[in-house]
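Notes follow the structure.
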Protein chains: 2
Amino acid sequence: MKPIFHPDMDGIDAATVFGALADPTRLAIVLALADAEEFEARCGSFTDFASPSLLAYHFAKLREAGITRARAEGTSRFISLRREELDGRFPGLLDSIIATARRDPSLPRISEDKLLAP
Amino acid sequence: MKPIFHPDMDGIDAATVFGALADPTRLAIVLALADAEEFEARCGSFTDFASPSLLAYHFAKLREAGITRARAEGTSRFISLRREELDGRFPGLLDSIIATARRDPSLPRISEDKLLAP
DNA sequence: TCTTAAATTCAACGATCATTGAAATTTGAA
DNA sequence: TTCAAATTTCAATGATCGTTGAATTTAAGA
């Protein structure tokens with residue numbers, strides 16, 4: 001019932017965004033969201049990356065840095081990239097981040113068809 | 001006499017680069033280097049940003065993440081951006097970082113003519 | 001040689017971070 | 001109402017981070 005907090009994009013500073021990306025698991029989440037056909041993914045799709053409670057921590061970091069939004073549906077949650085808003089605040093940055101993540105072979109990947117499966 | 005360590009760019013991963021940028025002082029250093037006419041700056045030019053010992057810590061972080069190089073001359077040191085090398089590893093990233101830093105008014109700035117003055 | 005200047009290194013500190021496992025919350029289904 | 005699934009919250013841990021101030025290094029100049 002309690003709404004999910006999403007920060008105003010105008011208040012986001014650059015160092016906070018980079019801090020949210022300074023972790024391979026979070027970078028892998030962003031990459032998976034970027035490379036997926038669907039624009040959102042179920043939170044439970046990422047259990048290959050970390051334990052549920054650790055994932056919740058990483059999801060909160062990304063959300064509080066303005067990079068992702070979250071939406072609740074039933075007992076599930078879906079997250080997606082705040083593409084347009086982030087591009088308004090820092091034009092071109094998200095695309096560059098995604099391109100950078102793609103170039104890093106050390107990042108864990110996830111098969112795309114896992115992202116929405118219940 | 002002991003040479004300054006510069007990591008091989010191939011071994012740099014994306015999360016390390018973002019981690020080096022997750023601090024306003026280090027972002028301000030990168031921004032100053034990017035906006036300067038000269039391609040390098042004396043380390044002592046940044047004392048507005050932090051104390052000498054704290055600056056040395058930040059310089060090391062940037063250097064170990066592959067973002068900057070350092071060169072000793074007499075008792076001074078000069079740092080510069082590893083533009084071409086970084087662009088080879090992560091094309092377009094540095095320009096995007098610089099554009100992002102420019103859009104963040106909360107970052108401290110330095111008058112450009114301080115960067116080389118002895 | 002003695003001194004000064006420029007910068008780093010080191011030891012310490014409190015703060016934040018990533019991680020774990022258990023407990024709590026929320027919702028839909030039996 | 002009870003149960004199970006999905007996810008978060010909480011408390012605790014060790015590790016890393018940003019910061020300070022003192023000590024050290026290095027090289028140039030008097």
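Letters go in sequence order (proteins before strands), and every chain restarts at 1. Below, all heavy atoms of this structure are taken into account, side chains as well, without hydrogens, waters or symmetry copies. Predicted model only: the values in this text are computed from it and were never measured.
Nearest heavy atoms, B/S45 versus B/I110: O-CD1, 2.8 Å. Between B/R83 and B/L33, the closest heavy-atom pair is NH2-O, 4.2 Å.
Atom CZ of residue A/F59 and atom CD1 of residue A/I79 lie 4.5 Å apart, to the nearest 0.5 angstrom. Rounded to the nearest 0.5 Å, atoms CD1 (B/I67) and CD1 (B/I97) are 6.0 Å apart.
Rounded to an integer number of Å, the gap from CG of B/L62 to P of C/dT8 is 12 Å. Separating the CZ atom of B/R71 from the P atom of D/dT26 is a distance of 19 Å, rounded to the nearest angstrom. Straight-line distance from the CD1 atom of B/I4 to the C1' atom of C/dT9: 14 Å, rounded to whole Å.
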Please write out the pairs of protein N or O atoms and N or O atoms of nucleotides 7-11 of chain D separated by less than 3.5 Å, giving the distance to one decimal.
unit_1: D/dT7; atom_1: OP1; unit_2: A/G44; atom_2: N; d: 3.3
unit_1: D/dT7; atom_1: OP1; unit_2: A/R77; atom_2: N; d: 3.3
unit_1: D/dT7; atom_1: OP2; unit_2: A/G44; atom_2: N; d: 2.9

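A/E85 and A/R69 are joined by a salt bridge, as a carboxylate oxygen and a charged side-chain nitrogen come within less than 4.0 angstrom of each other. In this structure, B/R102 pairs ionically with B/D35, as a charged nitrogen and a carboxylate oxygen lie closer than 4.0 Å. Salt bridge B/R71/B/E73: present, at least one basic N to carboxylate O contact under 4.0 Å.
Residues B/L54 and B/S51 have side chains in contact (heavy-atom distance under 4.5 Å, counting atoms from C-beta outward). You'll find the side chain of A/R26 stays beyond 4.5 Å of the side chain of A/L21, heavy atoms only. At a threshold of 4.5 Å between non-hydrogen side-chain atoms, the residues A/H6 and A/R63 count as touching.
Helix bend of the helix from C/dT1-D/dA30 to C/dA30-D/dT1: the angle between its two end axes, each built from five pairs, comes to 0° after rounding to 10°.
Distances shown here put every side-chain N or O of B/H58 at or beyond 4.0 Å from the OP1 or OP2 atom of D/dC17.
Between A/F18 and B/F18, the two ring planes are parallel [angle under 30°; tilted spans 30° to 60°].
Scanning residues 18-36 of chain B for heavy-atom distances under 4.0 Å to DNA chain D yields B/D23, B/R26.
Comparing C/dT20, D/dC17, C/dT19 against the side chain of B/K61 picks out D/dC17 as the nearest.
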